[in-house]
Each structure stands twice: as structure tokens, then as C-alpha cells.
Amino acid sequence: MSIDRPRVLMIGPSRKSQGGISSVVNGWFDSAMPERADIRYLDCSIDGSKFAKLAVGCCSLLKTMLFARKYDLAHIHMGGGNSYKRERLFVKAAVNAGVPVVLHIHDGLFRILWKERSDQAGRERIRETLEACARVVVLSTEMEGYIRSNVSAAVRTVCIPNGIVCHSPMLPKQRGTVLFLGHFDDNKNADAIVRAMGLLKERGLAAKAYFCGDGDVDGHLKLVRQLGLEDTCEYLGWVSGQKKQKLLDRCSIFCLPSKNEAMPVSLLEAMSNCLAAVVTPVGGMLDIVDDGITGRFVAIGDEGSLADVLCDLVEHESLRSGIANAGRRKVLESFSVDVTINRVLGLYREVLQEARG
């Protein structure tokens with residue numbers, strides 16, 4: 001066992017998949033983390049058919065059962081949806097192999113998972129899974145408090161926010177441009193932006209919103225057509241790499257009116273690129289945004305207030321740029337990938353020292 005350069009079995013969705021977890025993990029691997037920890041990465045899922053997902057998951061679970069004991073610890077990334085049912089099997093396999101487990105919860109909807117398990121047996125399985133881990137990493141202080149208060153005070157939680165690789169922003173920005181990056185569903189609530197853009201159009205304000213992501217795209221486009229906003233709301237599909245960076249370079253405002261969030265990487269990327277953030281006060285966004293200073297908060301579902309805030313930022317460039325610059329400074333100071341990696345490696349050392357006794 002080496003505390004200075006531990007051998008880590010890291011398990012999570014494919015690094016080639018779309019989503020926040022792969023973005024976070026790729027940021028780690030593209031920085032200094034591989035030099036400071038000996039990491040083997042196993043895909044627990046991939047983008048593709050149900051059969052392909054099942055095959056990859058079963059293969060990686062078997063490898064975990066057979067080889068986990070060769071590592072100093074296991075670091076397991078858990079997302080949303082069916083991720084808990086899958087990842088609890090990896091936790092059990094690593095624990096049975098006698099390996100300390102760091103479970104990393106990336107999903108802001110964990111509280112919904114807990115509420116849906118209203119039966120005692122279902123909640124007890126969740127509680128046992130979390131208590132079996134050496135540490136449970138969450139992305140926000142809100143989630144840390146929720147788990148301790150509602151699940152179990154015995155769960156050893158630690159809050160480590162996401163971190164990103166920060167680049168020099170492209171300035172100036174194109175005035176009146178709004179960007180949404182995310183999944184089209186009820187939680188991310190991109191429809192609120194569409195309706196707010198309709199209100200801006202009624203006021204005669206020149207603005208345009210760019211929507212990027214996957215999910216219920218047909219429903220999104222249907223609403224745009226119903227409101228006659230094809231000229232102000234443009235769907236660009238899933239974007240990554242240089243295509244995403246060009247949008248971050250061009251747009252001046254980032255909007256994410258979610259109902260629940262953990263620590264959205266898209267928000268950190270936007271703020272680091274000097275986009276003024278307009279978000280809802282939920283989850284990790286409460287830790288990132290200081291209302292009126294590093295971003296603006298709007299209440300969930302309040303499309304009128306959202307339109308008012310967007311109007312202020314479009315019409316008053318000094319206000320927008322002041323918030324955008326303060327937001328970038330906040331990300332550089334507290335949410336860079338180097339800050340996150342140092343905290344993760346410090347957690348590894350802490351867990352391994354405890355394992356040594």
C-alpha cells in the first residue's frame with residue numbers, strides 16, 4: 001500500500017460517454033492526477049443499446065470481484081437514473097474484497113431516490129450501501145446535510161465540489177446571446193427559457209437563445225414552434241470540444257433553471273468563460289453563485305422573473321460584465337480542477353491511513 005501514489009480502481013461511465021461525470025473524470029486524467037495516483041479505470045456503462053450497457057457493466061463487475069483486492073482503494077462514481085442499482089453492486093464487490101470504497105455521488109436527484117424508496121427495506125439497502133463506504137463524496141453542502149439528516153448520521157460524507165480546467169475567455173461577448181447546455185427534461189426545465197424568450201420578444205428586446213443537449217428534443221422544438229420563436233430559439237444538438245468552446249466564446253449569458261442539481265459542470269465552464277450565470281437556487285449552485293455578485297438567482301418556474309433578469313443583463317452591459325468577471329474569479333479560486341484533485345488525493349491519503357490503523 002502506497003499512500004504517496006495509491007493504486008486506485010476507479011469505476012464510472014465510459015470516458016467517451018456524454019454527461020457531467022465523464023467531463024469531470026476526463027478533466028482529472030488530462031491534468032496531473034495520473035502522475036500522483038496509479039489509476040485503472042473501468043467502464044460501468046457506455047452510451048448505446050441496453051444489451052451493450054449490460055454487457056459492459058457485467059464484465060466490469062466481474063473484473064471488480066476478481067481483481068479489486070490488488071488495489072489500495074476503489075473510487076466509484078454514481079450518477080442518476082438506474083445508476084444506484086448498478087453501482088451498489090460494485091460497492092458490495094469492492095467491500096467484500098476488503099478494499100476501502102470512496103463512493104462519489106454526482107446526481108442532484110439523490111433525495112428523490114430516497115423519497116421513492118418509501119418502503120423500509122429499500123431505504124435500509126441504501127443506508128447499508130452508504131454506511132459500508134469509507135467515504136461518500138457529495139458535490140454540495142446541501143446534499144451533505146441532507147444525507148446526514150435523512151439517511152444516516154453514520155454515513156461519512158465529505159463535500160468536494162467539481163473542478164474544471166479553466167481557459168482564458170474570449171472577449172468581447174456577443175450581446176443578447178443566451179446559452180443552455182443540458183438534458184431536455186422536466187428537471188433541467190429548458191422550457192422556462194423558451195417561455196422567457198417569448199416574453200422578451202413581446203417587449204421588443206433583441207436576444208437569441210442557443211439550446212444544446214439531448215433528451216426530449218422533440219418536445220422542446222414543439223414548444224418553440226407553438227410560441228412562434230424559431231427566430232429567437234435555436235437548437236444545435238449535443239455539443240462538445242471546439243463546437244462547445246465556440247459557443248462559450250460567443251455567448252454572453254448562461255441560463256440553467258433546474259429544479260434539482262448537484263454541481264453542474266456546464267455552469268462552471270460557462271462562468272470560467274465569462275458568461276453571466278442565471279440559475280435557480282438549488283443544490284451545488286447555492287455554493288457557486290452569490291446572488292447579484294457572481295450570478296443571478298431566479299425562483300424555480302418563475303418565467304416572468306427569469307425574463308426580467310435576462311432583460312437587465314442584455315440591456316446593461318456593465319452589469320452583465322461585472323457579474324461575469326466576478327463569476328470567473330470565483331471559479332478560478334474555488335472550482336479549478338487542481339483544487340479538486342488536491343482534495344481528492346488528500347481524501348485518498350486519509351482513507352488509506354485509516355485502513356492502516
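All residue numbers refer to positions in the sequence shown, counting from 1.
Under the side chain to side chain donor-acceptor pair (under 3.5 Å) criterion, Asp38 pairs with no residue, sequence neighbours left out. In this structure His183 satisfies the ring pair (Phe, Tyr, Trp, His ring centres under 6.0 Å) test with no other residue, sequence neighbours excluded. Checked against side chain to side chain donor-acceptor pair (under 3.5 Å), Ser240 has no partners two or more places apart in sequence or in another chain.
Within the cation-pi definition used here (under 6.0 Å to the ring centroid, within 45° of the axis), Arg15 qualifies as a partner of Phe29. Judged by the 6.0 Å distance and 45° axis criteria, Arg36 is not positioned over the aromatic ring of Tyr348.
Residue Phe67 belongs to a hydrophobic cluster whose other members are Leu62, Leu66, with links defined by side-chain heavy atoms closer than 4.5 Å. The hydrophobic cluster containing Ile46 also includes Val56, under a criterion of side-chain heavy atoms closer than 4.5 Å among ILVMFWY residues, counted directly or through chains of members.
A salt bridge between Glu128 and Arg125 is absent, with no side-chain N of the basic residue lying under 4.0 Å from a carboxylate O of the acidic one.
Between the side chains of Asp287 and Ser140, no donor N or O sits under 3.5 Å from an acceptor N or O.
None of Asn189, Asp186, Asn187 except one satisfies the side-chain hydrogen bond (donor to acceptor under 3.5 Å, both in side chains) rule with Lys259; the exception is Asp186.
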What donor-acceptor contacts under 3.5 angstrom involve side-chain atoms of residues 261-286, with partners at least two apart or in another chain?
from: Glu261; atom 1: OE1; to: Lys188; atom 2: NZ; distance (Å): 3.3
from: Glu261; atom 1: OE2; to: Lys188; atom 2: NZ; distance (Å): 2.5
from: Glu261; atom 1: OE2; to: Ser258; atom 2: OG; distance (Å): 2.8
from: Glu269; atom 1: OE1; to: Lys244; atom 2: NZ; distance (Å): 3.0
from: Glu269; atom 1: OE2; to: Lys244; atom 2: NZ; distance (Å): 3.2
from: Ser272; atom 1: OG; to: Leu268; atom 2: O; distance (Å): 3.4
from: Ser272; atom 1: OG; to: Glu269; atom 2: O; distance (Å): 2.9
from: Asn273; atom 1: OD1; to: Gln245; atom 2: NE2; distance (Å): 2.9
from: Asn273; atom 1: ND2; to: Glu269; atom 2: O; distance (Å): 2.7
from: Thr280; atom 1: OG1; to: Ser258; atom 2: N; distance (Å): 3.2
from: Thr280; atom 1: OG1; to: Ser258; atom 2: O; distance (Å): 2.5

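Counting only heavy atoms from C-beta outward, the side chains of Lys63 and Arg40 approach each other to under 4.5 Å.
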